[in-house]
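Report on the structure given below.
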Amino acid sequence: MSRRYPAAVIAALVVLLAINLWLWPNPTFERSTTSFGVGSKGYKAAYDLLSELDLPVSRSYVRISEVPKTQILWMVLPSFLIPAQADVDTDVNQLNVLKWVRSGGTAVVFGGPGADWKKLGIAGGTQPGGQSSQITGDFLRVGRTIDIAGLLHFSTGGIHARVVLRSGGAPFALELPLASGRLIAVADGRFMLNANLGQADSAPLVFDLARALGVPAFEERCHGLTPPVSLIALITGSRAIVPLALGVVAALLWMAEQRRWPRRTLAEPDLRRQPSIGAFVESLAELYSRANDPPAVFRAYRCGFLHRLAKEMSPQGDLSEERVIKRLARDPSLSSETRRWLIDGAAPRDGRELLVAVRTIESYPKIR
């Protein structure tokens, strides 16, 4: 097996592992209290519900000042309403949200337990309801039953706020007109969570709000999420771009330096002189003749020839010299001259006969 094969397999496994890790779902999103969360406190089911109903629902990650006024922002339990999470993102706070609404935007803010509604100008706070709540109002065609024990409602509607939804007889959703924009405050958004969406009329209530207010864009920057950034943009926007650029320039200079030297090539073979058996025999006989003992040289050569012939006849090397000679004796193609030198035991008397004997034996067709 070539050494390149294991290296290629290892490289392919490393690449596949890197791709698998890159495509592996982020468990942080799945456990979050956002529209990505699949746990009980997330609301991905509400997002998927509106998507399956062919509504072009979306998510918003940009700064609140950059959000188009045509978008209907849904803020589900935003961090700026929870005192313990108010510093999650300093950009999406109540001041910037109110400023964006006054400039013509529409924001729907869903609260929950612990929400500080005073930040949005609702001073009365909230109170819990009973085991079940009947939601009615302007945004609904029919009343919706929400089976969440202690569903919150506002204590009062406020001076300038208009009650658009009621939980029993208490205000459940308020509309606060701010300059040219609208702020819809929903006392308790827990009916949107994955754990509650499948109970009673929670899912129809989500759809009723989307139908009445417009297709929502779930605002996720208030939970600390930012727009996805590509690897190239991340590198170019960081300080690492300087050493990386220097490394690339150094690599390019090294490659250019290497290309200055001429590439080494093998010399073209000389086609005018091809190796042949005749040239080999003549050179071999010439070397043997210089030993001044033709019979001894011939015996050494004959022994080597028979050894080569045994390897050709049996690659396992289990043929002895006697067995090779017996096979040669039974070969009808063996000439009398070759038989004389190989089988009959004749020995050359001088260099001339040594040359003839070697040339005759090398012409035997079994050896290639």
- Task: Quick one: closest heavy-atom pair of Arg144 and Leu140, and the distance?
- Result: CG-CD1, 4.0 Å
- Task: Report the residue from His223, Lys44, Glu220 that forms a side chain to side chain donor-acceptor pair (under 3.5 Å) with Ser35.
- Result: Glu220
- Compare all side-chain heavy atoms of Arg340 with those of Ser336 and state whether any distance is below 4.5 angstrom. no
- Task: Would you confirm whether Asp138, through its side chain, and Val164, through its main-chain N or O, come within 3.5 Å as a donor-acceptor pair?
- Result: no
- Task: Determine the minimum heavy-atom distance between Ser103 and Ser180, stating which atoms define it.
- Result: C-OG, 3.6 Å
- Sequence neighbours excluded - salt bridge (Lys or Arg N to Asp or Glu O under 4.0 Å) pairs with any residue from residues 183-193: Asp188-Arg190
- Query: Could you state the interatomic distance from CG (Leu183) to CG (Leu120), rounded to the nearest 0.5 Å?
  - Reply: 5.5 Å
- Task: Apply the test side-chain contact (heavy atoms from CB on, under 4.5 Å) to residues Val97 and Met75: give CA-CA distance (whole Å), side-chain angles for both, the deciding distance (0.1 Å), then the verdict.
- Result: CA-CA 10 Å; Val97 171; Met75 300 180 177; 3.8 Å; yes
- Please round to the nearest 0.5 Å and tell me the distance separating atom CZ of Arg302 and atom CD of Glu321. 5.5 Å
- Query: Say you draw a straight line from CG of Leu165 to CG of Leu205; how long is it, rounded to the nearest 0.5 Å?
  - Reply: 7.0 Å
- Query: What residues, two or more places apart in sequence or in another chain, satisfy side chain to side chain contact (heavy atoms under 4.5 Å, CB included) together with Ala210?
  - Reply: Leu50, Leu55, Trp74, Pro216
- Message: Strictly distance-based, threshold 3.5 Å: is any side-chain N or O of Ser202 a donor or acceptor partner for the main-chain N or O of Asn196?
- Response: yes
- Side-chain heavy atoms of Leu354 within contact of Tyr301, under 4.5 Å: no
- Message: Give me the atom names and distance for the closest heavy-atom approach of Ser58 to Tyr47.
- Response: O-CE1, 3.7 Å
- Between the main-chain N or O of Arg221 and the side-chain N or O of Glu219, is there a donor-acceptor pair closer than 3.5 Å? yes
- Query: Counting only N and O atoms by type, is there a donor-acceptor contact under 3.5 Å from the side chain of Asn194 to the main-chain atoms of Gly39?
  - Reply: yes
- Message: One thing to verify: whether Arg308 and Glu362 come together as a salt bridge, which I'm taking to mean a side-chain N less than 4.0 angstrom from a carboxylate O.
- Response: yes
- Message: Please report the interatomic distance CG(Leu328) to CD1(Ile325), rounded to the nearest 0.5 Å.
- Response: 7.5 Å
- May I ask you to test the Leu77-Tyr43 pair for a side-chain heavy-atom distance under 4.5 Å? no
- Atom NE2 of His307 and atom NZ of Lys311: how far apart are they, to the nearest 0.5 Å? 5.0 Å
- Task: Keeping the roles fixed (side chain from Ser335, backbone from Thr338), state whether a donor-acceptor pair exists under 3.5 Å.
- Result: yes
- How about Ile135 and Leu151: do any of their side-chain heavy atoms sit closer than 4.5 Å? yes
- Task: Would you please test Val101 and Leu98 for side-chain contact (heavy atoms from CB on, under 4.5 Å) and show each step?
- Result: CA-CA 5 Å; Val101 172; Leu98 293 176; 5.5 Å; no
- Treat each ILVMFWY residue as a node, draw an edge where side-chain heavy atoms are under 4.5 Å apart, and state whether Val215 and Leu53 are in one component. yes
- Would you say the side-chain atoms of Arg102 pair up with the backbone N or O of Gly181, donor to acceptor, closer than 3.5 Å? no
- NZ of Lys69: more than 12 outside heavy atoms within 6.0 angstrom? yes
- For Ala347 and Phe298 the tightest heavy-atom approach is CA-CD2, 4.5 Å
- What class does the angle between the rings of Phe154 and Trp117 fall in, given that below 30° is parallel, 30 to 60° is tilted and above 60° is perpendicular? perpendicular
- Here the gap from Leu213 atom CG to Arg182 atom CZ, rounded to the nearest 0.5 Å, amounts to 6.0 Å
- Minimum heavy-atom distance Ser132-Thr145, with the two atoms named: OG-CG2, 3.4 Å
- Message: Using the rule that Ile, Leu, Val, Met, Phe, Trp and Tyr join whenever any side-chain heavy atoms are under 4.5 Å apart, tell me whether Phe110 and Leu152 fall into a single cluster.
- Response: no
- Task: Check for a donor-acceptor pair, side chain of Trp341 on one end and backbone N or O of Thr360 on the other, with a separation under 3.5 Å.
- Result: no
- Provide the closest heavy-atom pair for Leu193 versus Ser40 in the form atom of the first, atom of the second, distance. CB-O, 3.6 Å
- Partners passing ring-ring contact (aromatic ring centres under 6.0 Å, His included) against Phe191 (at least two apart in sequence or in another chain): none
- Query: Does any non-hydrogen side-chain atom of Arg339 lie less than 4.5 Å from one of Asp344?
  - Reply: yes
- Are Val108 and Leu209 close enough that some pair of their side-chain heavy atoms sits under 4.5 Å apart? no
- Run the numbers on Val109 and Lys119 for side-chain contact (heavy atoms from CB on, under 4.5 Å), then give the verdict. CA-CA 12 Å; Val109 182; Lys119 294 183 178 181; over 6 Å; no
- Does Leu309 belong to the same Ile/Leu/Val/Met/Phe/Trp/Tyr cluster as Ile343, with side-chain heavy atoms less than 4.5 Å apart forming each link? yes
- Within a strict 4.5 Å, meaning less than it, do heavy atoms of the Glu52 and Leu49 side chains meet? no
